[in-house]
Amino acid sequence: MSHDPTQYAAEPASPASSAETPFLELLARGASADAYEQPVLVARAEGEPRERIDALDRAKALALQVRADLEGRRRREAELSALFETAHDLAGLRDLSAVLQAIVQRARSLLGTDVAYLTLNDPARGDTYMRVTEGSVAARFQQLRLGMGEGLGGLVAQTARPYVTENYTHDVRFQHTRTIDAGVHDEGLVAILGVPLMLGPHVIGVLFAADRRARVFEREQIALLGSFAALAAAAIDTANLLSETREALGELERANEIIRDRSGVIERASDVHDRLAELVLRGGGVHDVAAAVSQVLDGTVEFADAVTAPATPLDASRADGHAVRDGDDWVAAVAAGDELLGALVLRGHPGLDPVDQRTLERAAMVTSLLLLARRSASEAEQRVRGELLDDLLDARDRDPRLLRERAARLHADLDAVHVVLAARLETPGADAEQEAAARRRLWSAASHLAATGHGLAAARDGGTVLLLPLRASDRASDLARRTARHLSCAVHEPVTVGASAPLEGLATRTHTVAAAYAEGQRCLDALRLLGRAGEGAAAEDFGFLGLLLADSRDVSGFVDRTMGEVVTYDRRRGTDLVLTLDAYFASGMSPARTKDALHVHVNTVAQRLERIGRLLGPDWQSPARALEIQLALRLHRLTGAIPDRPAPSA
């Protein structure tokens, strides 16, 4: 579009004139980015003052930033709209071909590619074939049938991971064949992106987006195509379910007795289909799905996360792709690709009908779709949580009032008692990409834990740092162990967690957060050095070593944990067990020399040592425990709580 330069001619300075006005007009009419240079060029040509030109430059930069933000929002709105439209198509599935064609069309439109297409595996013939194409012009390409493991699609199907190439013809990672290369050449394709279509752990096909020129596909575009692939797989699975239902209806029509027996089951399946479709359309949650299926199956269905769900049946259901019986219960894994999100558990229903079992499995699939749909929104909140924690760790001069307001918007209370936890994966990835993916899974799991626990999480130093509130009846070490178990289960790899001592008043004492994080890292490193990787601990778990790891040097706490039972016993009963314990170690752990030092009978020493053993536990004389007790005695002596030992008798 051409523009009249005179419309931006400089006008005499007046209160009404503003450097932002021409750019606001450009924003209002949605002008191209090139048009934003025109007001500055006109001002320079007219010999405007330097201040005016500088103001126009600043206004231009701000307007371009606003334009970019608006474009990004429009793009994200279009992506979400397309995903929800596709979900709507899936909910009202009548024609599988029409749904798959709509998915491919929307994928091509949103990614802005020349061609998009979808292939499906043919188990009977042992190959894969072109199912749907959009934008294709070559007949040979549209009729391709490929052997398993051939081409980019074969690599995607083998690894169940997305693959992208900027120039397919010259990419040696794929097994090139004459048939594939000829079809690609006829179509003129250069850059190709392929993502797997997954049903449970199995790859059933591949969804592609391709360009006839070299192109780099961005991470967001890969994720978007993956979302469309998940919907395509769901459409195929739903079509298969409807096909199975139709076959069942045909058999029931041939036997009136079976019709009567199965009529209730079919009605429940139809009911759950309608209920789940309605839930998807109105944006229901996972607990809404569980409630709907509970009513249909006449039982109690609960959603359990990956930590609390029964481990053995959960793993079996994930591997098999079907609901698995667990005693009187049934467990259906809720998974998205390689990521385990949780499970739907049907309680007290051992004699589950096969159709009802399929209903439970389908509900689990819908649950995974709902969780994925909400992930994009939750990721934005996760980034905000990470930014707040980064500010607490790095910026020590923040306004406490603003910090509290930011935390309150995230349902976190900076005035509560918190613990800083450092978490790190212990299994290195096979390559940099796998290691980065593992770290992303750890960050995602930690962010989810922080969001549900009213805390904060951020990626840092190759791992993750969390700031979690501490319950009044809890200890930092208990929180560290729970966090290690939760994260390890969520990412299916050992995660080591080191915790700081409890912190108070974070909004006004932000400098303590960085020190607490350093303490958590020291505890994490100590666990790894002691061969306890994959566990969680705080400084209080390391005995006297904890005095070196802790930032606060809690000497009295160490003494209390090590020999507090003995000190309390003496204080309440007026005995001399602490003095006896001190003399016993000073006498080389010899009862005979101890009785001389205390001027008592050896039987008295034996009785006191027996009482000490009952208070401290049977291993109190082991080398490690004895060393800690002796150190606690020395520290206790520094407080003046132990009188000087009597000199041993000659």
Has the side chain of D461 got a donor or acceptor atom that lies under 3.5 Å from a matching backbone atom of G463? no
Are R460 and D390 ion-paired here, with the side-chain N under 4.0 Å from a carboxylate O? yes
Any sub-3.5 Å donor-acceptor pair from E361's side-chain atoms to H322's backbone N or O? no
Can you tell me which residue among R608, K595, Q621, R593 is in a side chain to side chain donor-acceptor pair (under 3.5 Å) with Y584? Q621
Should W620 and L581 be marked as a side chain to side chain contact (heavy atoms under 4.5 Å, CB included) after you check the CA-CA gap, both sets of side-chain angles, and the distance that decides it? CA-CA 11 Å; W620 72 277; L581 191 59; 3.3 Å; yes
Just wondering, more than 12 heavy atoms not from E504 lying within 6.0 Å of its CD? no
How many angstroms lie between CZ in R401 and CD in E405, if you round to the nearest 0.5 Å? 5.0 Å
Go through D474 and V419 one step at a time and tell me if the side chain to side chain contact (heavy atoms under 4.5 Å, CB included) criterion holds. CA-CA 11 Å; D474 219 347; V419 172; over 6 Å; no
Main chain of R347, side chain of T300: is a donor-acceptor contact present, judged purely on distance under 3.5 Å? no
More than 12 heavy atoms of other groups within 6.0 Å of E493 CD: yes
Kindly determine whether V600 and T580 satisfy side chain to side chain contact (heavy atoms under 4.5 Å, CB included), including the steps that lead there. CA-CA 10 Å; V600 297; T580 302; over 6 Å; no
Indicate the atoms forming the closest heavy-atom contact of L403 with L414, along with that distance. O-CD1, 3.7 Å
Any non-hydrogen side-chain atom of V203 less than 4.5 Å from a side-chain atom of M198? yes
Taking atom types as modelled and ignoring hydrogens, do the side chains of D305 and T308 form a donor-acceptor contact shorter than 3.5 angstrom? yes
Do the side chains of D391 and R406 get nearer than 4.5 Å, heavy atoms only? yes
Please round to the nearest 0.5 Å and tell me the distance separating atom CG of L346 and atom CG of D328. 10.5 Å
Tell me whether D329 contacts the main-chain N or O of G348 through its side chain, where contact means a donor paired with an acceptor under 3.5 Å. yes
Do R404 and P400 have side chains that get closer than 4.5 Å, going by heavy atoms? yes
After noting the C-alpha distance and the side-chain angles of R481 and D478, does the key distance pass the salt bridge (charged side-chain N to carboxylate O under 4.0 Å, His left out) rule? CA-CA 5 Å; R481 284 188 285 272; D478 299 329; 2.8 Å; yes
For S477 and R475, test the side chains for any donor-to-acceptor distance below 3.5 angstrom and give the result as yes or no. yes
Using atom types as modelled and distance alone, determine if a side-chain donor or acceptor of D570 lies under 3.5 Å from a backbone N or O of V578. yes
Write down the atom of T575, the atom of Y569, and the distance for their closest heavy-atom approach. OG1-CD2, 3.5 Å
When L421 is tested against each of V465, T464, L466, L524 for side-chain contact (heavy atoms from CB on, under 4.5 Å), which residue passes? L466
For the OG atom of S444 and the CG atom of L487, what is their distance to the nearest 0.5 Å? 10.5 Å
So for atom CZ, which belongs to R573, do other residues, nucleotides or ligands contribute more than 12 heavy atoms lying within a distance under 6.0 Å? no
Nearest heavy atoms of A423 and L442, plus distance in Å: O-CD2, 4.2 Å
Quick one: are T483 and H486 in side-chain contact, heavy atoms under 4.5 Å? no
Minimum-distance pair of heavy atoms, taken over all atoms of S500 and A516: CB-O, 3.3 Å
Any donor and acceptor pair, going by atom type alone, linking the side chain of S317 with main-chain N or O of P313 inside 3.5 Å? no
Side chain to side chain contact (heavy atoms under 4.5 Å, CB included) assessment of V345 paired with W330: CA-CA 6 Å; V345 182; W330 285 83; over 6 Å; no
Under 3.5 Å: donor-acceptor pair, side chain of S447, backbone of W443: yes
Do the non-hydrogen side-chain atoms of L479 and L470 ever get within less than 4.5 Å of each other? yes
Side chain of H454, backbone of H411: donor and acceptor closer than 3.5 Å? yes
Grab the two heavy atoms, one from G534 and one from S488, that are nearest each other, plus how far apart they are. O-OG, 4.3 Å
I'd like to know if the side chain of Q521 reaches the main chain of A422, judged simply by a donor and an acceptor atom lying under 3.5 Å from each other, with no hydrogens or angles considered. no
To the nearest 0.5 Å, atom OG1 of T594 lies from atom CG of L598 at 6.5 Å
For the atom pair NE2 (H601) and CD (Q607), what is the distance rounded to the nearest 0.5 Å? 10.0 Å
Determine yes or no for a side-chain-to-main-chain donor-acceptor pair under 3.5 angstrom, with R325 supplying the side chain and G327 the backbone. yes
Closest approach of L360 to A323 (non-hydrogen atoms, all atoms of both residues): CD2-CB, 4.1 Å
Value rounded to 0.5 Å, distance of CD in E519 from OG1 in T512: 11.0 Å
